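Just so it is clear, the model here is predicted, and its values are computed rather than measured. Read the numbers this way: they start at 1 and go in the same order the structure lists the ligands and their atoms.
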Amino acid sequence: MDKIKIVGGNILNGKIYISGAKNAALPLVCASLLSPNQIVLKNVPQLSDITFLNSLLAYMGLKISEKDEMFDGHLSKTYTYQADDIKELIAPYDFVRKMRASYYVLGPLLARFHHVEFSLPGGCAIGARPMDIHLSSLEQMGAQVEIKNGYVIADAPNGLKGAHIIFSKASVGATCNILMAATLADGITRIENAAKEPEIGNLIDLLTAMGAKIFGRDTSILTIEGVKELHGATHAVIADRIEAGSYAIAAAITKGRIELVNVEAEHLQQPLRTLEKMGVLVEEKENSVVIDARDKTIIGEDIYTDYYPGFPTDLQAQFMALMTIAEGASLVTESIWENRFMHVPELCRMGANINIHGHASAIVRGVKKLSGAPVMATDLRASFALILAGLAAEGETIVNRVYHLDRGYEKLEEKLKAVGANIERIKEAD
Ligand code: EPZ
């Protein structure tokens, strides 16, 4: 398994181009199952999660082709998907266990083909990750849902029907799934307490371009008027706000200056305001954000993760890495996932002073210096937090289990090297 070696202490300086958003691209790719016509997706990030999802969909019969293309002045991947010959309506365990977001096939397949079998993914390192909201919503739309041998088997022999659905939590995944399902349902679906993450707006834009009728974008009440069929469309994946936030902290933690290019600052308001409170200069430009921490003292600050537009849970670990070297204390409260402090013991091995209280709160007391160490994390964002700690630490840090990072950070070493980091991948046979 590959490792990443970092020698800390370099001040980062330069520009980083932000890739297309993983969490936007995943539902967009699955939306292509809703139409027999071509869906062209631009700015798709090169990540193992996308490769896994493509292989599942190719197994089902989706035709996929790819090409390199310029997007906003940078070379990126454009994929063309065509679901005119879907033969397989089963998502097997071997695919789903590697990539839980394969649950996005549920809504589209049930809506268009009236049947789907999907291996339940089970929990993961950050929490139990139930799917009750997805499944009960589909039941409210008339589906018969059964769980057998670890699989969800869902049928809607006469198609899905519009329904008035109130989510018990503003789930991102359930909002995407039910939105996609409702586009081809008979009648009107109303989702209350829908998630409002920018990735959902990106999905609504693609579905609308395909001929769907959706009202209430960016609000917690979505109304979808079902249509008989959807047509082809061309669409671009939005910039990855979590990748941007992660590199913003790379600038802050090394007391450097990085311009994040291809960023919607609007999507990052809470993290950017938090960085300012921590003493970092933030300059929002039209298509970029400059993070300047040169000669700044980083000050402790509290964060509370919440549904968008609240502070994103997917940046909690990275901010915690910054807090470890801040002046004073910071309180981190994680309200979305029940087990998202797995990075804490690893940060402590590097000299951080963090106490966890219960499963939702941690107090970070800033230390003068971190020191390099071999570390590993159990999820994507926690792994990036260790990269950040390594960039700031004295000496050498080896981050193990790099496959987590490959799921969500395109060209990670290349991007960090280009702004001055001493970082390299150590290739090792499995
Ligand atoms: C998405 O996960 C993201 N993943 C996660 O990013 C992110 O942390 C999360 O949203 C929250 O922002 C993708 O977009 C692929 P949820 P998702 O359904 O959709 C509970 C990363 O690092 N819930 O919004 O699975 C759930 O337990 C990943 O990129 C139910 O109770 O998250 C959680 O407490 C990690 N029942 C809360 O809702 C359900 O049926 C929010 O989960 C569904 C969810």
Side-chain angles (χ1 to χ4, degrees), residues 19-31 45 47-50 52-53 96 98-107 118 120-140 145 147 152 165-180 191 193-203 220 237-238 240-246 267 270-271 305-319 333-340 342-343 359-360 377-385 404-410:
S19 301
K22 165 180 87 80
N23 290 347
L26 295 168
L28 293 176
V29 170
C30 291
L47 300 169
S48 60
D49 267 13
I50 303 289
F52 279 135
L53 185 60
V96 177
K98 288 186 190 143
M99 229 279 300
R100 52 180 311 114
S102 9
Y103 60 45
Y104 283 134
V105 301
L106 209 53
F118 173 81
L120 271 175
C124 79
I126 61 174
R129 309 198 71 172
M131 287 195 60
D132 55 315
I133 302 173
H134 304 237
L135 301 182
S136 68
S137 304
L138 291 171
E139 281 179 327
Q140 288 174 70
V145 178
I147 295 178
V152 173
I165 299 165
I166 303 173
F167 284 171
S168 55
K169 288 182 184 168
S171 157
V172 173
T175 303
C176 291
N177 239 334
I178 302 311
L179 253 176
M180 291 191 276
I191 307 172
N193 196 24
K196 293 182 287 197
E197 271 68 2
E199 293 74 23
I200 290 161
N202 200 212
L203 174 64
S220 57
V237 180
I238 52 169
D240 195 323
R241 63 194 167 102
I242 305 302
E243 189 201 19
S246 304
H267 297 164
Q270 285 278 354
T305 67
D306 210 346
Y307 302 103
Y308 188 84
F311 191 96
T313 171
D314 293 346
L315 282 175
Q316 179 256 106
Q318 301 90 316
F319 266 82
T333 308
E334 172 58 55
S335 85
I336 305 291
W337 300 114
E338 61 272 27
N339 192 25
R340 214 172 196 184
M342 300 297 279
H343 41 286
H359 63 86
T378 44
D379 86 285
L380 168 62
R381 311 303 172 186
S383 298
F384 199 91
H404 287 302
L405 291 161
D406 293 336
R407 289 186 41 223
Y409 290 93
E410 186 181 51

Engineer: Please confirm whether the backbone N or O of Ile166 pairs with a side-chain atom of Asn193, one donor and one acceptor, at under 3.5 Å?
Structural biologist: no

Engineer: Tabulate below the donor-acceptor pairs under 3.5 Å that side-chain atoms of residues 169-177 make, not counting sequence neighbours, or state none.
Structural biologist:
{"residue": "Ser171", "atom": "OG", "partner": "Gly173", "partner atom": "N", "Å": "3.4"}
{"residue": "Ser171", "atom": "OG", "partner": "Ala174", "partner atom": "N", "Å": "2.9"}
{"residue": "Thr175", "atom": "OG1", "partner": "Ser171", "partner atom": "O", "Å": "2.6"}
{"residue": "Thr175", "atom": "OG1", "partner": "Ala195", "partner atom": "N", "Å": "3.0"}
{"residue": "Asn177", "atom": "OD1", "partner": "Gly107", "partner atom": "N", "Å": "2.9"}
{"residue": "Asn177", "atom": "ND2", "partner": "Tyr103", "partner atom": "O", "Å": "2.9"}
{"residue": "Asn177", "atom": "ND2", "partner": "His134", "partner atom": "ND1", "Å": "3.1"}

Engineer: Can you list the atoms of ligand 1 that are under 4.0 Å from a heavy atom of Ile336?
Structural biologist: 33 (C), 34 (O), 41 (C)

Engineer: Within the structure provided, determine whether Ile50 and Leu26 are in side-chain contact (heavy-atom separation under 4.5 Å).
Structural biologist: yes

Engineer: How far is atom 17 (P) of ligand 1 from its nearest protein heavy atom, and which residue and atom name does that atom have?
Structural biologist: Tyr103 OH, 3.4 Å

Engineer: Considering all heavy atoms of both residues, which atom of Ala31 and which atom of Leu203 are nearest to each other, and what is their separation?
Structural biologist: CB-CD1, 4.0 Å

Engineer: Which protein heavy atom lies closest to atom 24 (O) of ligand 1, and at what distance to 0.1 Å?
Structural biologist: Val172 N, 2.7 Å

Engineer: Counting only heavy atoms, tell me which of Asp49, Thr313, Leu53, Asp132 gets closest to atom 36 (N) of ligand 1.
Structural biologist: Asp132

Engineer: Can you pull out the closest protein heavy atom to atom 22 (O) of ligand 1? Residue, atom name and distance to 0.1 Å, please.
Structural biologist: Arg381 NE, 2.9 Å

Engineer: Can you list the ligand 1 atoms lying under 4.0 Å from a non-hydrogen atom of Lys22?
Structural biologist: 21 (C), 29 (O)

Engineer: Considering only the protein, which heavy-atom contact is closest to atom 38 (O) of ligand 1, and what is its distance?
Structural biologist: Lys169 CD, 3.5 Å

Engineer: Please confirm whether Met99 approaches ligand 1 to less than 4.0 Å, judged on its heavy atoms.
Structural biologist: no

Engineer: Are any of the N/O atoms in Ala174 less than 3.5 Å from those in ligand 1?
Structural biologist: no

Engineer: Looking at ligand 1, would Glu199 count as a contact under a 4.0 Å heavy-atom criterion?
Structural biologist: no

Engineer: Among protein heavy atoms, which sits nearest to atom 8 (O) of ligand 1, and what does the distance come to when rounded to 0.1 Å?
Structural biologist: Asp314 OD1, 2.6 Å

Engineer: Can you tell me which residue and heavy atom of the protein come closest to atom 26 (C) of ligand 1, and the distance to 0.1 Å?
Structural biologist: Trp337 CZ3, 3.6 Å

Engineer: Which heavy atom in Phe167 sits nearest to a heavy atom in Ser137, and how many Å separate them?
Structural biologist: CE2-OG, 3.3 Å

Engineer: Where the side chain of Glu243 meets the backbone of Gly245, is there a donor-acceptor pair that is under 3.5 Å apart?
Structural biologist: no

Engineer: Which of these passes side chain to side chain contact (heavy atoms under 4.5 Å, CB included) with Ile165: Ile178, Ile133, Leu138?
Structural biologist: Ile178

Engineer: Using the salt bridge (Lys or Arg N to Asp or Glu O under 4.0 Å) rule, collect all pairs that involve residues 307-317, keeping only residues at least two apart or in two chains.
Structural biologist: Asp314-Arg340

Engineer: Return the minimal non-hydrogen interatomic distance between Ile191 and Ala194, and the atom names on each side.
Structural biologist: CG2-CB, 4.0 Å

Engineer: What residue and heavy atom of the protein are closest to atom 3 (C) of ligand 1, and at what distance?
Structural biologist: Asn23 ND2, 3.6 Å

Engineer: Show me which atoms of ligand 1 lie under 4.0 Å from any heavy atom of His134.
Structural biologist: 40 (O)

Engineer: Under 4.5 Å between any side-chain heavy atoms of Leu315 and Gln270, yes or no?
Structural biologist: no

Engineer: I'd like to know whether ligand 1 has Pro130 as a neighbour, heavy-atom separation below 4.0 Å.
Structural biologist: yes

Engineer: Just jot down the ligand 1 atoms closer than 4.0 angstrom to any heavy atom of Gly173, in number order.
Structural biologist: 18 (O), 19 (O)

Engineer: Tell me, which protein residue and heavy-atom name are nearest atom 18 (O) of ligand 1, and how many Å apart are they?
Structural biologist: Ser171 OG, 2.6 Å

Engineer: Going by the order shown, which atoms of ligand 1 are within less than 4.0 Å of some heavy atom of Arg340?
Structural biologist: 8 (O), 22 (O), 35 (C)

Engineer: Quick test of your reading of the model: are Lys22 and Glu410 salt-bridged, counting only N-O distances below 4.0 Å?
Structural biologist: no

